[in-house]
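Worksheet: one structure, shown below.
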Amino acid sequence: MPLPTSADLVPLLPELLLCGAALGLLLADLFIDERRRGLIHFLALLSLLLTALLVARGMGGEPVSAFGGMFIRDTLADVLKIAMCGVTALVLLYARRYLEERGLLVGEFYAIVLFALLGMMVMVSAGNLVTLYLGLELLALSSYGLVAMDRDNKVASEAGMKYFVLGAMASALLLYGMSMIYGATGSLDLAAIHQAAASSDDRTLLLFGVVFVLVGVAFKFGAAPFHMWVPDVYQGAPTAITLFIGSVPKIAAFGFAYRLLESGLGPTSEYWSQMVAWLAVLSLVIGNLLALAQTNLKRMLAYSTIAHVGFLFMALSNPQAAGYSAAMFYAISYAIMATAAFGAIILMSRRGFEADQIADYKGLWQRSPFHAFLIMIVMASLAGVPPTLGFFAKLSAIGAAVDGGREWLAVLGVVMAVVGAFYYLRVIKVMFFDAPERDDMVAHADGTLRFVFAANAIALLVLGLGAQMILGWAEASFL
């Protein structure tokens, strides 16, 4: 392979900057004592800002490729990368106080988060199966380390081990599927795979590989029936880590699915779209029904994540521009809602009190009415109550299913949305109508964190009012 030229490196400038920043933070941490840990925090946020600015600088141009088509930079990738940088910055703002109080705020946390983001950025720009897999594994290995970061916590260590074992199994199945696709098409390049799939008469081996690939995709999304890791990891990991695991990777997972299923396997969409539709059915039913029985808020949000993935897959089952744009809009919307939901837990928690039980929020309206109101907005958005962002995200997914000729799936989505509203409304009921059980159930966060959460929650209303404009930007990515 020839040495890379400047034409190869220019499209990768954001990724190169992010990689350099992650390595630089590791080195800087050696020379900065704990009393000046805020400098590492500032440098990490600055790195995310510069990365996003580099991505935005090249938006609107013609798609370019590097390294023989292994890396692709287009409007879709740029939009997803900016969204991921923004949500990651939000995660870091939420996480600092939480980790600091528990003795977990170390330089490695920031470096691993940046490496995970780097893997996600590589995934959404992949033009080759090798690039896809490298980006995915960089994200996966970083995620395993983050979940088990609290080594003295048995629950977190157990969650990290479960995540690692099941993740390794899913990666093996995905890699096996990719090998079948390579055997059927003779290429690792997604464009070449697309062309070979379109001209092939015998697709038996190719479809065999598609099944295994979809298993890997479903696991990374946390879709049923490959959701076993989600509730345990979400509950066992420190809340600040759950906040990251449950938000940003969902955006990257959509980019991963689009590159693999459309850019590579588009000609077989009549087959994989049906499988995606049934994964949506299982996720909607299992996620919503199991969430009804939860008393732990983090675990409830974990099962609700599975249900939200069902809506995302509902949109993705329409292998047209309308379906892809709705799925992209849903992924970004859910990431913002998830940061607010887990951010609420961080806001109310403190050292020795995780605020992760639904009963902990009884009577919050009487103790802290402003924060109870903000949490109500977050829960309403997750439930899909108009005019919040969550309502328009679900509406776009249901509309995409109807547009794709799957009215039965759209009807199921509406029914499951009503079922799902129950457990979100239960949290609101506990806050507003139950008598308080704790005298100290108030927000203990500093002013910065309170401002971040307020802005995050109110954004769910503001973005809901501008949802059509945001959906228009998503649709423009597929023109």
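The nearest pair of heavy atoms linking T339 to L243 is CA-CD1, 3.2 Å. Listed here is the closest heavy atom pair of W229 and G222: CZ2-CA, 4.0 Å. Between A467 and F329, the closest heavy-atom pair is CB-CZ, 4.0 Å. In terms of heavy-atom proximity, L117 sits nearest to C85 at CD2-SG, 4.2 Å. Considering all non-hydrogen atoms of both residues, P249 and F244 come closest at CD-O, 3.0 Å. Scanning all heavy atoms of the two residues, the minimum distance from M337 to V378 falls at O-CG1, 4.2 Å.
In this structure, S325 contributes its side chain and A322 its backbone to a donor-acceptor pair below 3.5 Å. At distances below 3.5 Å, at least one donor-acceptor pair connects side-chain atoms of R97 with backbone N or O atoms of I346. Distance alone, capped at 3.5 Å, is enough to place a donor-acceptor pair between the S381 side chain and the G390 backbone. Although no hydrogens or angles enter the test, the distance criterion places a donor-acceptor pair under 3.5 Å between the side chain of K298 and the main chain of A237. Using modelled atom types, one side-chain atom of N456 and one backbone atom of A340 make a donor-acceptor pair closer than 3.5 Å. Panel note: side chain S368, backbone L364; no donor-acceptor pair is recorded below 3.5 Å. In this structure a side-chain-to-backbone donor-acceptor pair under 3.5 Å is present from W272 to L265. Remark: the backbone N or O of L292 is paired with a side-chain donor or acceptor of R426 at under 3.5 angstrom. Side-chain atoms of S47 never come within 3.5 Å of backbone atoms of L18 as a donor-acceptor pair (strictly under, hydrogens ignored). The backbone N or O of A126 sits nowhere less than 3.5 Å from a side-chain atom of T131 that would complete a donor-acceptor pair.
Between the CG atom of L9 and the CZ atom of F71 there is a distance of 11.0 Å, given to the nearest 0.5 Å. Here the CZ-CE distance, from R259 to M123, works out to 11.0 Å after rounding to the nearest 0.5 Å. For the atom pair I377 CD1 and L382 CG, the distance stands at 12.0 Å (nearest 0.5 Å). In this structure, OH in Y234 is found 12.5 Å from OH in Y303, a value given to the nearest 0.5 Å. Between atom OG of residue S142 and atom CD of residue E137 there is a gap of 10.5 Å, rounded to the nearest 0.5 Å. Atom-to-atom distance recorded for R299:CZ and T242:OG1 is 12.0 Å, nearest 0.5 angstrom.
Under a cut-off of 6.0 angstrom, the local environment of CH2 in W278 is sparse, with at most 12 non-hydrogen atoms contributed by other residues, nucleotides or ligands. When the shell of 6.0 Å around CZ of F432 is examined, it contains more than 12 heavy atoms from other residues, nucleotides or ligands.
D150 is not listed as a side-chain neighbour of I241, based on a closest heavy-atom distance of 4.5 Å or more. Residues L129 and I193 meet the side-chain proximity criterion, which asks for heavy atoms closer than 4.5 Å. With a 4.5 Å cut-off on side-chain heavy atoms, R73 and P14 count as touching. Side-chain contact check for M149 versus I112: every heavy-atom pair is 4.5 Å or farther apart. The closest side-chain heavy-atom distance from M314 to L284 is below 4.5 Å. Side-chain atoms of L174 and F256, non-hydrogen and from C-beta on, do get closer than 4.5 Å to each other. At least one side-chain heavy atom of K220 sits under 4.5 Å from a side-chain heavy atom of S171.
In this structure, Y330 and F311 have parallel ring planes: the angle between them is below the 30° cut-off, well short of the 60° mark. Taking the six-membered ring where tryptophan is involved, the planes of Y163 and Y144 are perpendicular, since the angle between them exceeds 60° and thus also 30°.
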Chi angles and distances behind the side-chain hydrogen bond (donor to acceptor under 3.5 Å, both in side chains) call for Y334, T305: CA-CA 9 Å; Y334 177 73; T305 296; 2.5 Å; yes
Full working for side-chain hydrogen bond (donor to acceptor under 3.5 Å, both in side chains) between K81 and T51: CA-CA 9 Å; K81 288 176 185 178; T51 301; over 6 Å; no
